[in-house]
Amino acid sequence: MRSQYVINEVLIRPTESISINLASSKYYDGHSIKDSLENIESAELWISTIASELEFCSPFCISETELNRLRRLRSHVLLLFSARVEEDDTGVRQAARALADDLNEWNNLPTISELLFSVDFESKLYGTVNVIAAIAMSALLTATGKNGRRLRRCQAQNCVLFYTQGNKNQRWCSDTCGNRFRVMKCSQRHKRKRDPAFDPTES
């Protein structure tokens, strides 16, 4: 199974949690940063593609308000993951609390406890509320315990993704980023041979 691939300009990471997939809705494609939650159309394409490729939920339409909720959820997830990889336990607790508080304050949404217990994992999820509940639960599980200790940020230049480390030597989210890093290093070596004064930090 491929660790990640792009379809419909949506980055799919089948071996990662759904919360890591949400965090990956903003990614570097080798040229620029792509944001799958840029607008309603791109967000609905993200949802339908995730639904098809990961069988996580059923496709559904969203409103501007729901789009903003998904963006806010992604921001909370990114803060939570950043605190985890920096081994900032206080930051992890604060980010988790901010996630729960924000969800609880949204109008027309149940409390975080009601959200989490409303998720039916025996069937595909439907609607923004259930999807938010499942992603929130996934984010907390991904950032804690044994899973949290293996959470890493990709070290490839320009990459903004998090990943679950499979072995202690893994430094990149995917082979694609590993290959980009090796190509960059090879290019720097050739430049250094041609110009001993070459400084890779300026490239």
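Every heavy atom of this structure was used, including side-chain atoms; hydrogens, water molecules and symmetry mates were not. Residue numbers start at 1 and run along the sequence shown.
Residue Ile7 comes nearest to Ile12 through the heavy atom pair CG2-CG1, 3.8 Å, listed as atom of the first residue, atom of the second, then distance. Across Asn8 and Thr49, no two heavy atoms sit closer than the pair ND2-OG1, 3.3 Å. Across Ala143 and Leu80, no two heavy atoms sit closer than the pair CB-CG, 3.7 Å. Here the closest non-hydrogen pair linking Leu140 and Ala96 is CD2-CB, 3.7 Å. The two residues Asn39 and Leu67 make their nearest non-hydrogen contact at C-CD2, 3.6 Å. The two residues Val10 and Tyr27 make their nearest non-hydrogen contact at N-OH, 4.3 Å.
Take Asn167 and apply the side chain to side chain contact (heavy atoms under 4.5 Å, CB included) test, not counting sequence neighbours, and it matches Asn169, Gln170. Contacts of Arg71 classified as side-chain hydrogen bond (donor to acceptor under 3.5 Å, both in side chains), with partners at least two apart in sequence or in another chain: Asn68. Glu9 meets the salt bridge (charged side-chain N to carboxylate O under 4.0 Å, His left out) test with no other residue; sequence neighbours excluded. For Asp88, there are no salt bridge (charged side-chain N to carboxylate O under 4.0 Å, His left out) partners, not counting sequence neighbours. Here Ser17 pairs with Ser19, Thr142 under the side-chain hydrogen bond (donor to acceptor under 3.5 Å, both in side chains) rule; sequence neighbours left out. Residues passing the side chain to side chain contact (heavy atoms under 4.5 Å, CB included) test with Thr144, sequence neighbours excluded: none. For Arg152, the side-chain hydrogen bond (donor to acceptor under 3.5 Å, both in side chains) test picks out Gln165, with sequence neighbours left out. In this structure, Arg2 has no salt bridge (charged side-chain N to carboxylate O under 4.0 Å, His left out) partners at least two apart in sequence or on a different chain. Legend: residues meeting ring-ring contact (aromatic ring centres under 6.0 Å, His included) with Phe81, ordered by chain and number and at least two apart, are Phe162. Under the side chain to side chain contact (heavy atoms under 4.5 Å, CB included) criterion, Thr164 pairs with Glu16, Ile20, Arg150, not counting sequence neighbours. Shown here are the side-chain hydrogen bond (donor to acceptor under 3.5 Å, both in side chains) partners of Asp89, two or more places apart in sequence or in another chain: Arg84.
Considering only heavy atoms from C-beta on, Ile18 stays 4.5 Å or farther from Val131 through its side chain. Side-chain atoms of Leu99 and Leu79, non-hydrogen and from C-beta on, never get closer than 4.5 Å to each other. Inter-residue side-chain proximity for Arg13 and Cys173 is flagged as met; some heavy-atom pair is nearer than 4.5 Å. Between Ser36 and Leu45, every side-chain heavy-atom pair lies at or beyond the 4.5 Å cut-off. Using a 4.5 Å heavy-atom threshold, the side chains of Tyr163 and Ser174 count as separate. Using a 4.5 Å heavy-atom threshold, the side chains of Asn158 and Ile33 count as separate. Using a 4.5 Å cut-off on side-chain heavy atoms (C-beta onward), Glu44 and Cys61 make contact. Considering only heavy atoms from C-beta on, Ile47 comes within 4.5 Å of Cys57 through its side chain.
Placement of Leu78 and Ile132 within a single hydrophobic cluster is found when ILVMFWY residues are connected by side-chain heavy-atom separations under 4.5 Å, directly or transitively. Residues Leu11 and Val77 fall into different hydrophobic clusters, defined by Ile, Leu, Val, Met, Phe, Trp and Tyr side chains chained together at heavy-atom separations under 4.5 Å. A single hydrophobic cluster is not seen to contain both Tyr28 and Tyr5; linkage of ILVMFWY side chains at heavy-atom distances under 4.5 Å, directly or through other members, places them apart. No path of Ile, Leu, Val, Met, Phe, Trp and Tyr side chains, each step under 4.5 Å between heavy atoms, connects Leu161 with Leu37, placing them in separate hydrophobic clusters. Under the 4.5 Å side-chain heavy-atom criterion for grouping Ile, Leu, Val, Met, Phe, Trp and Tyr, Val85 is connected to Leu22 within one hydrophobic cluster.
A donor and an acceptor atom, one from each side chain of Asn21 and Ser24, are nowhere located under 3.5 Å apart. Under 3.5 Å, the side chains of Arg74 and Ser25 contain a donor-acceptor pair of N or O atoms.
Interatomic distance, Asn147 CG to Arg149 CZ, rounded to the nearest 0.5 Å: 9.0 Å. Considering CG of Asp102 and CZ of Arg97, their distance stands at 12.0 Å, rounded to 0.5 Å. Put simply, NE2 on His76 and CG on Asp101 are 8.5 Å apart, with the number rounded to the nearest 0.5 Å.
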* Could you please spell out the steps behind the side-chain contact (heavy atoms from CB on, under 4.5 Å) verdict for Trp46 and Ile62? => CA-CA 11 Å; Trp46 181 82; Ile62 64 173; over 6 Å; no
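Screening residues 130-139 for salt bridge (charged side-chain N to carboxylate O under 4.0 Å, His left out) gives no qualifying pairs among residues at least two apart or on separate chains.
Of the possible donor and acceptor atoms, none in the side chain of Ser138 sits under 3.5 Å from a partner among the backbone N and O of Ala134. For the pair Glu53 (side chain) and Ile50 (backbone), a donor-acceptor distance under 3.5 Å is absent.
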